[in-house]
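Below: the structure, in structure tokens.
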Amino acid sequence: MSRAGQALRTSYLVACVAGVAFFVLSVALLGVWPARVLDAQTAAMAPEKPLEPTTSEKRGRAVYAREGCAYCHTQQIRYLHADMARFGAPTLAWETRRDTPHLWGTRRIGPDLSRVGGARSLDWHYAHLYAPRAIVASSVMPGYPALFDGAPDRPRQDARDLVAYLDSLGRARELAGPEGEARAKEGCNCPDDEMQQMAFEGALNAHPARAIRTLESAPSLAGGDLARGQALYGRHCANCHGATGAGDGPGARYLVPAPARLAEHSYTTARLAEVLWHGVAGSAMPAWRDHSTEDRAALARAVQALSAPRPEPEVPAHLVALGRDVYAANCAQCHGVDGDGRGSAAAKLAMAPANFTAQRLSLTEAVRVLREGVHGSPMAPWTTRLTDAERLAAAHYVRSLFRATPPATEAR
Ligand code: HEC
Ligand code: HEC
Ligand code: HEC
């Protein structure tokens, strides 16, 4: 064989061996090694007894995959301040260790869902899945009426499972508690890695709509711009509360408890500051913390403008006395002796009792609530326990507790 032929042969051999070697190397480097690093990291950082999904949640996950929710929603909070401010702590590997195939998604047409667990009420989820635009006017999310039996309050098993799954997102990490976080931090072993440390900074769940029941006070609001508030109200609130505040928006009939009839209420600005910051825990009323202080002040103005001032009825003295007695005997344990919503039983209730010092209902609305109760809340109808006259007296009495400008310390 000529020398040239020999050289060619050797180069074929070298190319062949190099090709195979590169293939093996890339499989090891890109396939095997990262998986081992991730497994080790997961083992080191996962809590000792991570919360496992229930059967219903597993089925819901399959529905989520089948319906293609991942085409519009991510389930991955990145190590970016913008992501963390909006949704909470970045996703750790162990949180999605059961995700095969994973549902992280790559496009955010809708918001990230990895911390949506506990952020929305059941009725909100069902109504939103059935007809998104009944709840969020500008939504581009498609409806999924096939998961229901003709109405949002008749979810099929698939819808129940799907919502159970949504409600479980982010919960395992939250329930792992401070011990879980401490373990993850230790397992990370990265005190000097600024980016890794981000996983343990700030709030675990910063979902902006998450309603929080707390006595912590909210940033105060004053001097809102009415025109701006009305525009915002039309965009964000009218779907539930109705364009005129009559509680009759397109989403209202699906929600339990129903959206408040804002036009029948006067609220102090302090009370609205609390409601817009914290939402109403136990109802579909979201928190609006992601809106600027100016926007929330404008919204508060717009809500106050919904109820026209009306002439106050004269209340006969005997009615006031009767009302006080009825209230002390039946209402004070929840609504508080002074009507500030802090009765002895209040903390045990699923929903906070109304604070009458900061909000006043119209007389007809108060009489209606006492007759019908607030369906879906601990406030029961009082038709069997109280006579018509006693309910009327109680309605007058709770209205009299309103203080237009309550001392700052007593604002709830
Ligand atoms: C075409 C894109 C698209 C698809 C597909 C889609 N969504 Fe959405 N989704 C959105 C958008 C946009 C929003 C924000 C507006 C709104 O709340 O409706 C949203 C909002 C949501 C929210 C509220 C999130 C929050 O943080 O408040 C949930 C929950 C949700 N979607 C669940 C689902 C589920 C479950 C599916 C599959 C059955 C799904 N979405 C399919 C676009 C989509
Ligand atoms: C998804 C539906 C929904 C949307 C959107 C919504 N609300 Fe509500 N809101 C409710 C429900 C339900 C309640 C009733 C809670 C209850 O029974 O206490 C409520 C209650 C309220 C209350 C009364 C709270 C109280 O303690 O009496 C105010 C004030 C209020 N909402 C203002 C707003 C404003 C302002 C917006 C827009 C930025 C808004 N809501 C958007 C559903 C909604
Ligand atoms: C078991 C505790 C409990 C008792 C007892 C109770 N309430 Fe309530 N009440 C509540 C809760 C909780 C709410 C808030 C419901 C909501 O936010 O939708 C409420 C709401 C109300 C409202 C509506 C407030 C609004 O702005 O829409 C009125 C009026 C009211 N209660 C009056 C009374 C009167 C009068 C009595 C006594 C006859 C009474 N309640 C007894 C728990 C109670």
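In listed order, ligands and their atoms are each counted from 1. From a predicted model like this one, the values you see are computed outputs, not experimental measurements. Position 1 is the first residue of the sequence; numbering continues from there.
- At least one heavy atom of Phe356 sits under 4.0 Å from some atom of ligand 3.
- Under 4.0 Å from ligand 2, the heavy atoms of Leu262 that appear belong solely to its side chain.
- At a 4.0 Å cut-off, not a single heavy atom of Gly251 sits close enough to ligand 2 to count as contact.
- Not a single N/O/S atom of Cys331, whether from backbone or side chain, sits less than 2.8 Å from atom 8 (Fe) of ligand 3.
- Neither the backbone nor the side chain of Tyr397 has a heavy atom within less than 4.0 Å of ligand 3.
- Contact annotation: Trp124 has at least one heavy atom less than 4.0 Å from an atom of ligand 1.
- Atom 8 (Fe) of ligand 2 has an N, O or S atom of His241 inside 2.8 Å of it.
- Between Gln359 and ligand 2, a contact under 3.5 Å exists for at least one N or O pair.
- At a heavy-atom cutoff of 4.0 Å, ligand 2 is contacted by no atom of Val136, backbone or side chain.
- Listed by number with element, the atoms of ligand 3 under 4.0 angstrom from any heavy atom of Gln333 are 5 (C).
- For atom 33 (C) of ligand 2, the nearest non-hydrogen atom from the set His375, Arg296, Met285 comes from Met285.
- Protein heavy atom in closest approach to atom 17 (O) of ligand 3: Met351 CE, 3.6 Å.
- No part of Ser283 comes within 4.0 Å of ligand 3, judged by heavy-atom distances.
- Protein heavy atom nearest atom 5 (C) of ligand 3, with residue, atom name and distance: Asn330 O, 3.3 Å.
- Angle NE2(His335) to atom 8 (Fe) of ligand 3 to SD(Met379): 180° [nearest 10 degrees].
- Between Tyr233 and ligand 2, not a single N/O pair is under 3.5 Å apart.
- Every atom of ligand 3 with a heavy atom of His265 under 4.0 Å away is listed here by number and element: 25 (C), 26 (O), 27 (O).
- With a 4.0 Å cut-off on non-hydrogen atoms, Leu349 touches ligand 3 through its side chain and not its backbone.
- Between atom 8 (Fe) of ligand 1 and Cys69 there is no N/O/S contact shorter than 2.8 Å.
- Contact annotation: Ala209 has no heavy atom less than 4.0 Å from any atom of ligand 1.
- Heavy atoms of His291 found under 4.0 angstrom from ligand 2: none, in either backbone or side chain.
- Close approach of ligand 1 to His207 is summarised as follows: ligand atoms under 4.0 Å from at least one heavy atom of the residue are 25 (C), 26 (O), 27 (O).
- The closest protein non-hydrogen atom to atom 14 (C) of ligand 3 is Ala352 O, 3.6 Å.
- For ligand 3, the atoms lying closer than 4.0 Å to a non-hydrogen atom of Pro378 are 1 (C), 12 (C).
- Contact annotation: for Leu386 versus ligand 3, heavy atoms closer than 4.0 Å belong to the side chain alone.
- Residue contact check for ligand 3: Ala346 places no non-hydrogen atom closer than 4.0 Å to it.
- Using modelled atom types, no side-chain atom of Asp338 and backbone atom of Asp340 make a donor-acceptor pair closer than 3.5 Å.
- Contacts between Trp382 and ligand 3, counted as non-hydrogen atom pairs separated by less than 4.0 Å, involve the side chain only.
- What you find for Leu299 and Tyr233 is that their closest heavy atoms are CD2-N, 3.7 Å.
- The cationic group of Arg120 lies under 6.0 Å from the six-membered ring centre of Trp124 and within 45° of the ring axis, placing it in a cation-pi geometry.
- If you check which protein heavy atom lies closest to atom 11 (C) of ligand 3, you get Pro353 CA, 3.5 Å.
- Every atom of ligand 3 is numbered from 1 in the order shown, and the set under 4.0 Å from a heavy atom of Ser377 is 15 (C).
- Here the heavy atom of the protein found nearest to atom 18 (O) of ligand 3 is Val374 CG1, 3.3 Å.
- Note on ligand 2: Gly249 sits outside its first shell, no heavy atom being nearer than 4.0 Å.
- Atom 29 (C) of ligand 2 has its nearest heavy-atom neighbour, among Leu272, Leu232, Asp295, Asp123, in Leu272.
- Taking backbone and side chain together, Ser139 holds no N, O or S atom under 2.8 Å from atom 8 (Fe) of ligand 1.
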